[in-house]
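One structure is given below, encoded as structure tokens.
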Amino acid sequence: MTKRPSFPDGFQVLPEYFNREQQSALVTQLRDILVKAPLFQPVMPKTGKAFSVRMSNCGPLGWVSDIKGYRYQPLHPTTGEAWPDMPNILLELWKDVAPDAPAPEACLINFYQTTAKMGLHQDKDEDMFEAPVISVSLGDTATFRVGNTTRGGPTSSLRLTSGDVVVLAGESRLAYHGIDRVLPGTSTLLKNGGRINLTLRRVTSD
DNA sequence: CAGTAACG
DNA sequence: CATA
């Protein structure tokens, strides 16, 4: 019997969870957020190599990466201001998908121009892993890769289109995942193309 | 460390 | 494509 690599347990895609109208409303709110909390260019710890994605955050905590390491912090790294509030539609998404989890504290905003990629990684900078990671895709379609909780195993690839929601719960909470490629011209949501990914996370265990 | 490139 |  042939067995194709399967997705890790707890991994779920909710195709087009947000309709076009909701996606547009979200983009409008994100524009305001990005005025107050501009996209910044993260770099890898130790090496200082630049990420190809640009980032910002909303919510009480934001994920940042610089020469010193990965961490969550309450202030924007260049403006020194608090991160803007998380849009209500995202809090509602969290309550819908993870009704038993404590409220999300961080919403990482990753902006991918068409050449940007994100290597395989785990989301493991949080103090607790019981709550799922929930992510929203907006704009151009991307090729998403997901593996298991250890490096080196089989991986599967999947296209994420605008409005899709991905849930990393249970075993898949610590699954390796990344973005291989953004497919140019596959959505009209963002005027200048590219892709936005929102990642909602519970950070603290309080 | 969520980076890339060279290599088997 | 998996590994360093």
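Sequence lines set the chain letters: A, B, ... in the order given, protein chains first and strands last, and positions in each chain run from 1. FYI, side chains are in, hydrogens and waters are out, and symmetry mates aren't considered; it's all heavy atoms of this structure.
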- line: Atom NE2 of His121(A) and atom P of dA2(B) are separated, to the nearest Å, by 8 Å

- request: Give, ordered by number, those residues of residues 60-76 of chain A having at least one heavy-atom distance below 4.0 Å to an atom of DNA chain B; if nothing qualifies, reply none.
  value: Trp63(A), Lys68(A), Gly69(A), Tyr70(A)

With 3.5 Å as the limit, what N/O pairs link the protein to nucleotides 1-4 of chain C?
none

- prompt: Atom CD of Gln122(A) to atom P of dA2(B): distance rounded to whole Å?
  reply: 8 Å

task: Verify the distance criterion only: is there a donor paired with an acceptor across the side chains of Asn197(A) and Thr199(A) at less than 3.5 Å?
output: yes

- request: With sequence neighbours excluded, tell me which residues meet ring-ring contact (aromatic ring centres under 6.0 Å, His included) with Tyr176(A).
  value: none

- prompt: Does the ring pair (Phe, Tyr, Trp, His ring centres under 6.0 Å) test come out yes or no for His76(A) and Phe40(A), once each step is laid out?
  reply: CA-CA 9 Å; His76(A) 189 285; Phe40(A) 59 92; 5.6 Å; yes

- prompt: Of all residues at least two apart in sequence or in a different chain, which pass the side chain to side chain donor-acceptor pair (under 3.5 Å) check with Gln113(A)?
  reply: none

N-O pairing of Asp66(A) and Arg71(A) below 4.0 Å: yes

task: Name the nucleic acid region contacted by Asp125(A), choosing base, sugar-phosphate or nothing; use a 4.0 angstrom heavy-atom cut-off, strictly under.
output: base

- line: All stems that DNA chain C takes part in, i.e. 3 or more consecutive Watson-Crick or G-U pairs with distances under 3.5 Å, are none

statement: Rounded to whole Å, CG of Leu198(A) lies from P of dA2(B) at a distance of 22 Å

field: Asn57(A)-Trp63(A) side chain donor-acceptor pair, cut-off 3.5 Å
entry: no

- request: To the nearest Å, give me how far apart CZ (Phe51(A)) and C1' (dG3(B)) are.
  value: 7 Å

message: Measure CZ/Phe40(A) against P/dA2(B) and give the value in whole Å, please.
response: 17 Å

- prompt: Is any N or O donor-acceptor pair between the side chain of Arg54(A) and the base of dA2(B) shorter than 3.5 Å?
  reply: no

message: If only side-chain N and O atoms count, and only distance matters, is there a donor-acceptor pair under 3.5 Å linking Tyr17(A) with Gln22(A)?
response: no

field: With Phe18(A) via ring-ring contact (aromatic ring centres under 6.0 Å, His included) - residues at least two apart
entry: none

message: Do Arg20(A) and Thr188(A) pair up side chain to side chain, a donor and an acceptor below 3.5 Å, judged on atom types alone?
response: yes

- prompt: Looking across every strand, which nucleic acid part, if any, lies under 4.0 Å from Lys117(A) by heavy atom: base, sugar-phosphate, or nothing?
  reply: sugar-phosphate

message: What is the separation between atom CD on Gln41(A) and atom P on dA2(B), rounded to the nearest whole Å?
response: 17 Å

- prompt: For Leu174(A) and dC1(B), what is the distance between atoms CG and P respectively, to the nearest whole Å?
  reply: 18 Å

message: Does either side chain, that of Ser137(A) or that of Arg195(A), offer a donor lying less than 3.5 Å from an acceptor on the other one?
response: yes

- prompt: Within this structure, what is the NZ-to-P distance between Lys46(A) and dT4(B), rounded to whole angstrom?
  reply: 17 Å

task: Apply side-chain contact (heavy atoms from CB on, under 4.5 Å) to the pair Val165(A) and Val13(A), showing each step before the final yes or no.
output: CA-CA 6 Å; Val165(A) 165; Val13(A) 180; over 6 Å; no

